[in-house]
Amino acid sequence: MILYQSLIPLNPRTKKNNQKIVKNPRTKAPMIVQNDRYKTYERDSGWFLKKIPQPINEPVNVKCIFYRDSERRTDLTNLLEAIDDILVKYKILADDNFKVIAGHDGSRVYVDREHPRTEIEITRITDI
């Protein structure tokens, strides 16, 4: 049963490959934060997510089909990590732990230079 569907018409980004090192203003120790490119992607993604009354808080499969604008190598797991965090940030999912996101079955990465995007489909898992 499909609980949620959405399309983000932006070139998918990973968190892992969009980081920078800054100094902690309080301790002066170096720390890793997301760069502006990722922050913009995360913010802009929120405009395209359909709002729901309550975050999904049951075992689901989050299937994401990523269409990138180039054939640069990328890891599916890194793209999924970014989308999972975005879905939690915008209150589509209650959390991204294994009790909510039980799988990413069917997720893939393709190239579409003309129309990069992410297609998201969240379905209930009934065999748990």
Side-chain angles (χ1 to χ4, degrees):
M1 174 182 185
I2 296 175
L3 297 175
Y4 182 83
Q5 283 183 305
S6 198
L7 179 126
I8 300 172
L10 304 170
N11 190 36
R13 297 220 175 266
T14 66
K15 292 178 83 169
K16 187 175 182 181
N17 295 335
N18 287 283
Q19 298 175 334
K20 63 182 178 180
I21 299 173
V22 298
K23 284 188 178 181
N24 182 316
R26 188 174 53 82
T27 66
K28 306 297 185 220
M31 59 188 242
I32 297 173
V33 297
Q34 301 308 311
N35 69 17
D36 293 338
R37 217 174 4 188
Y38 178 79
K39 289 179 185 177
T40 299
Y41 171 70
E42 182 182 66
R43 182 195 67 227
D44 292 351
S45 292
W47 289 105
F48 301 105
L49 295 174
K50 299 173 190 169
K51 308 303 180 229
I52 58 176
Q54 280 187 275
I56 297 167
N57 193 19
E58 63 181 284
V60 294
N61 183 68
V62 179
K63 176 182 169 186
C64 297
I65 307 296
F66 299 98
Y67 294 89
R68 300 196 22 95
D69 67 356
S70 77
E71 293 189 37
R72 279 185 318 246
R73 289 176 20 151
T74 189
D75 290 346
L76 173 61
T77 55
N78 292 341
L79 290 168
L80 290 168
E81 176 188 8
I83 284 296
D84 291 350
D85 289 345
I86 288 168
L87 291 172
V88 171
K89 177 179 177 138
Y90 289 102
K91 299 181 180 1
I92 306 303
L93 297 174
D95 202 339
D96 58 356
N97 67 44
F98 74 97
K99 291 184 179 183
V100 177
I101 300 178
H104 285 106
D105 298 345
S107 295
R108 302 279 187 273
V109 180
Y110 298 108
V111 175
D112 185 341
R113 288 176 174 80
E114 302 297 317
H115 304 288
R117 64 196 179 278
T118 303
E119 299 172 357
I120 302 166
E121 180 180 280
I122 300 174
T123 54
R124 179 176 286 126
I125 293 183
T126 57
D127 65 346
I128 291 181

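Atom set for the values below is all heavy atoms of this structure, side chains included, hydrogens, waters and symmetry mates excluded. Model, not experiment: these values are computed from the prediction.
- No side-chain heavy atom of Leu79 sits less than 4.5 Å from a side-chain heavy atom of Cys64.
- Taking CD of Gln5 as the reference point, atom OG1 of Thr123 lies at 10.0 Å (rounded to 0.5 Å).
- For Glu114, the side chain to side chain contact (heavy atoms under 4.5 Å, CB included) test picks out Asp112, with sequence neighbours left out.
- Heavy atoms only, all atoms of each residue included: Ser70 and Val111 are closest at O-CG2, 3.4 Å.
- The side chain to side chain contact (heavy atoms under 4.5 Å, CB included) check on Lys89 picks up Glu42, with sequence neighbours excluded.
- For Ala82 against Arg13, the heavy-atom pair with the smallest separation is CB-O, 3.5 Å.
- With hydrophobic clusters built from ILVMFWY side chains whose heavy atoms lie under 4.5 angstrom apart, Ile8 shares a cluster with Leu3.
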Below 3.5 Å, can you tabulate the donor-acceptor pairs from side chains in residues 91-101 to any protein atom, sequence neighbours excluded?
from, atom 1, to, atom 2, distance (Å)
Asp95, OD2, Asn97, ND2, 3.0
Asn97, OD1, Lys99, N, 2.8
Asn97, OD1, Val100, N, 3.4

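- Side-chain atoms of Thr118 and Phe48, non-hydrogen and from C-beta on, never get closer than 4.5 Å to each other.
- Looking at residues two or more places apart in sequence or on another chain, you find a side chain to side chain contact (heavy atoms under 4.5 Å, CB included) between Glu119 and Leu7, Ile65, Tyr67, Arg117.
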Original post:
Can you check salt bridge (Lys or Arg N to Asp or Glu O under 4.0 Å) on Glu81 and Lys15, steps first, answer last?
Top reply: CA-CA 8 Å; Glu81 176 188 8; Lys15 292 178 83 169; 5.3 Å; no
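- Taking every heavy atom of both residues into account, Ile125 and Ala102 meet most closely at CD1-CB, 3.5 Å.
- Looking at Tyr4 and Val60, their side chains never come closer than 4.5 Å, going by heavy atoms from C-beta outward.
- In terms of hydrophobic clustering, with Ile, Leu, Val, Met, Phe, Trp and Tyr side chains grouped at heavy-atom distances under 4.5 Å, Ile2 and Ile120 are assigned to different clusters.
- Counting heavy atoms from C-beta on, the side chains of Phe66 and Ile83 come closer than 4.5 Å.
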**OP:** Please test Val109 against Asp75 for side-chain contact (heavy atoms from CB on, under 4.5 Å), starting from the C-alpha separation and ending with a verdict.
**Re:** CA-CA 9 Å; Val109 180; Asp75 290 346; over 6 Å; no
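- Listed by chain and number, the residues in a side-chain hydrogen bond (donor to acceptor under 3.5 Å, both in side chains) with Asn57 amount to none (sequence neighbours excluded).
- The shortest non-hydrogen separation linking Arg68 to Pro116 is C-CB, 4.2 Å.
- Between His104 and Leu76, every side-chain heavy-atom pair lies at or beyond the 4.5 Å cut-off.
- Scanning for side-chain hydrogen bond (donor to acceptor under 3.5 Å, both in side chains) contacts around Asp69 gives Asn11, with sequence neighbours left out.
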